[in-house]
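Here the structure comes first, spelled out in structure tokens, and everything after it is commentary.
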2 protein chains.
Amino acid sequence: MKNQKVTIHTIAARLNITASTVSRALSGNKRISQKTRELVNKTAAEMGYKPNHMASNLRKGKGNLIGVIIPRINRHFFSHAIAGMEAITNPAGYNLMICQTNESQAKEIDGLQTLINNRAEGVIMSISNETRNGAHIQAATDGGMPVVLFDRIIKNLNIDHVINDNFAGAYEATKHLIEQGYKNIVHFSGSLHINVYEQRLNGYKKAMNEANLDVTSDMIFDNIITRLSGEELAQTLLTKNKLPDAIFSSSDYSALGALITFKNAGINIPQDIGIVGFANEPFTELTDPALTTLEQYSEDIGRSAARLLIERIENKQNKEVPSSLSFKPQLIIRKSSQRNTID
Amino acid sequence: MKNQKVTIHTIAARLNITASTVSRALSGNKRISQKTRELVNKTAAEMGYKPNHMASNLRKGKGNLIGVIIPRINRHFFSHAIAGMEAITNPAGYNLMICQTNESQAKEIDGLQTLINNRAEGVIMSISNETRNGAHIQAATDGGMPVVLFDRIIKNLNIDHVINDNFAGAYEATKHLIEQGYKNIVHFSGSLHINVYEQRLNGYKKAMNEANLDVTSDMIFDNIITRLSGEELAQTLLTKNKLPDAIFSSSDYSALGALITFKNAGINIPQDIGIVGFANEPFTELTDPALTTLEQYSEDIGRSAARLLIERIENKQNKEVPSSLSFKPQLIIRKSSQRNTID
DNA sequence: TTGTAGGCGTTATCAA
DNA sequence: TTGATAACGCCTACAA
């Protein structure tokens, strides 16, 4: 019992009026009689009319689609950021189309292209781990596509963005470790070309410097953000004669890997080694000991990014200076880093 | 430096040919000279031409959008199911538009409507907790929209679907508890109008009956699928004079809540109480003791759902009998249910 | 208040 | 191989 396609013309024919009248009735135009409006609405419902947004958008030269490009949807941070975006975009009448890149630059470029070709009104994005330059993003904005970056951004790209204050968060986390009496604190980092990891490293360094603790290059480990890499690195560290006495990791996942590996090796956390992660993934509360980490205000960041984008879309006048918002993460102190506490 | 809109007409004008020729060149039509094709492609690139999918889809009466409607994207099961779908849909040239319902029927209906109005080729969906009937889904399929349901489905709706064999999984989990010597096994369930929870309950009952263990109504707890409700229920159970000796929960989250509450109350898991959850959420491996649970083949389920949908979309002939696929979950035995093991 | 006509960007059909 | 024309479904001046 498939419907034939029912368009405003079908309805018009049935009622012996023109398509324009139907269009006006359906779109709530005022220049139409109450009677006709009701009749049209009733008939449309009866006939199972579904407006064709593509035709409408084509004609109006404007749609209601906002694209979101992110590395992965199943990260605490990103899924909550999306929730924040929806809280803003849905009431404003926009729909979200979400593309996962799985950290692949190729997929990121593809996704952006698809959104452009589908005439999205704008794009909110966080770059993939692989992405080394912003040529594709620059091209999109040059072509008139409003873009807002969030969390993982490209530096020196003159674009609205919303980020965590990774520097401040990392600084605070490291300072906390120092206050707990840890001295030989190593850092697990991500890809250092990504602002996020660069800033976390800088925050770590600043806290160390302020406390007159040396940071040598063998204390910084690149590209350690997965559980597996955390486990492997911890194993490697175990074979060395001197273990660090604390780890500040840019990732909860690698912190988890290290925590488990050290624990299995009989090392006491936090007595022998203190550990702090980043992102407040749900599991951090459940590890034994529970993992100290930093909560990022993901929903706020999502909301802000969506607001900025909608501003860009709707006020077509160009603000010359791009907006830049920053949210300071909150340190969540749990057992894995509390050497001084008696409990 | 915003681009003017560049269309096939702009390109045609520049080259003193017609739009039809440009269209043919761009779309790889064979009836065109090599020379023209190259010239057009080169010019299009130079001018920054972006094909307008909306116009193309409108004209062709067909697009490449597949909608996905799910309760939440940040569940292990759903985010992995989406990954599975993408693995099938992307190579086939389709794009996914993902809508979260947050367990609200209203948002589910909205999302479906949006997809219909955007002329999605088809929809893959898993119903919200709130959804009590399939009228909106029936209406969509009656209107010619191909739909495949997965995981949480509506019974008695003649629609392709892909599900977990929740009955078998629950049966196996319960049997495992019984084999470990637990006898007074209670069940945490979800909303029983959802197939998923109904089947898990049935599997539990069957295993209990086979072992000649009574199941009375006070052993079954409805709507206990969040961590909070698991904690609250565990607290309540603690106040009663007789605790159950095991819990088979339909949800890892409520199992977690119970595990933590009991542990804090000084109850030994698995000696005093055995616990089994469902879904193999990542955290289940990390709880203390680690939580026995069931892995659902989420990526396979996603892939299968996508394959079924594409079949429906592309073979327009109606199979009269809807396909029904079922994947048996795998029991993952961890410490929380192993009373007999010495380790 | 309603109708007429034209076009949004693309592609299919027919003719040249 | 290319061009001319019409149409996908909708919206909006403009006219009546």
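A note on names: the letters A, B, ... follow the listed sequences, proteins ahead of strands, and every chain is numbered from 1.
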| said: Heavy atoms from C-beta onward define the side chain here; which of dT12(D), dT5(D), dT10(C) lies closest to that of His9(B)? | reply: dT10(C)

| Donor-acceptor contact below 3.5 Å, side chain Asn118(B) vs main chain Ala120(B) | no

| Given dG3(D), dT10(C), dT2(C), the nucleotide with the shortest approach to the side chain of Thr21(A) | dT2(C)

| request: Starting at atom CG of Asn52(A), determine the distance to atom C1' of dG9(C), rounded to an integer number of angstrom. | output: 14 Å

| Given atom CG of Asn57(A) and atom C1' of dT10(C), what is their separation to the nearest angstrom? | 15 Å

| task | Send over the distance from Leu58(A) CG to dT12(D) P, rounded to a whole Å. | result | 13 Å

| task | For Asn16(B) and dT2(D), give me the distance from atom CG to atom P, rounded to whole Å. | result | 14 Å

| query | Do Arg59(B) and dT10(C) share a donor-acceptor pair, side chain to base, under 3.5 Å? | reply | no

| task | Could you tell me whether Glu299(A) and Arg303(A) make a salt bridge, using a distance below 4.0 angstrom between a side-chain N and a carboxylate O? | result | yes

| task | Let me know the distance between NE2 of His53(B) and C1' of dT10(C), rounded to the nearest Å. | result | 11 Å

| message | Whole angstroms only, please: what is the CD1-P distance between Ile8(A) and dT12(D)? | response | 11 Å

| field | Interatomic distance where NZ belongs to Lys60(A) and C1' belongs to dA13(D) [whole Å] | value | 17 Å

| note | Rounded to whole Å, the CD1-P distance (Ile11(A) to dG9(D)) equals 12 Å

| remark: Regarding the side chain of Ala55(A), the nearest nucleotide among dT10(C), dC10(D), dT12(D) is dC10(D)

| request: Only pairs at least two apart or in different chains count here, so list each salt bridge (charged side-chain N to carboxylate O under 4.0 Å, His left out) that has a residue in residues 62-82 of chain B. | output: Lys62(B)-Glu121(B)

| field | Selection: residues 24-40 of chain A, any non-hydrogen atom under 4.0 Å of DNA chain C | value | Arg24(A), Arg31(A), Ile32(A), Ser33(A), Thr36(A)

| note | Result for side chain to side chain contact (heavy atoms under 4.5 Å, CB included) between Ser304(B) and one of Ile163(B), Asp160(B), Leu309(B), Val162(B) points to Val162(B)

| task | Identify whether the distance between the nearest side-chain nitrogen and carboxylate oxygen of Lys42(A) and Glu46(A) falls below 4.0 Å. | result | yes

| said: Is there a side-chain contact between Thr18(B) and the phosphate of dG3(D), meaning an N or O under 4.0 Å from OP1 or OP2? | reply: yes

| task | Establish whether the base of dA4(D) is bridged to the side chain of Ser20(B) by a donor-acceptor pair shorter than 3.5 Å. | result | yes

| said: Need one value for Ser56(A): base, sugar-phosphate or nothing, where a base atom within 4.0 Å counts as base even if backbone is also close, heavy atoms only. | reply: sugar-phosphate

| request: Identify the residue among Val147(B), Ile109(B), Leu149(B), Leu115(B) that makes a side chain to side chain contact (heavy atoms under 4.5 Å, CB included) with Ile69(B). | output: Leu115(B)

| query | In terms of side-chain heavy atoms of Tyr49(A), which of dG9(C), dC10(D), dT11(C) is nearest? | reply | dC10(D)

| request: Please determine which of Ile153(A), Ile137(A), Val148(A) meets the side chain to side chain contact (heavy atoms under 4.5 Å, CB included) test together with Met125(A). | output: Ile137(A)

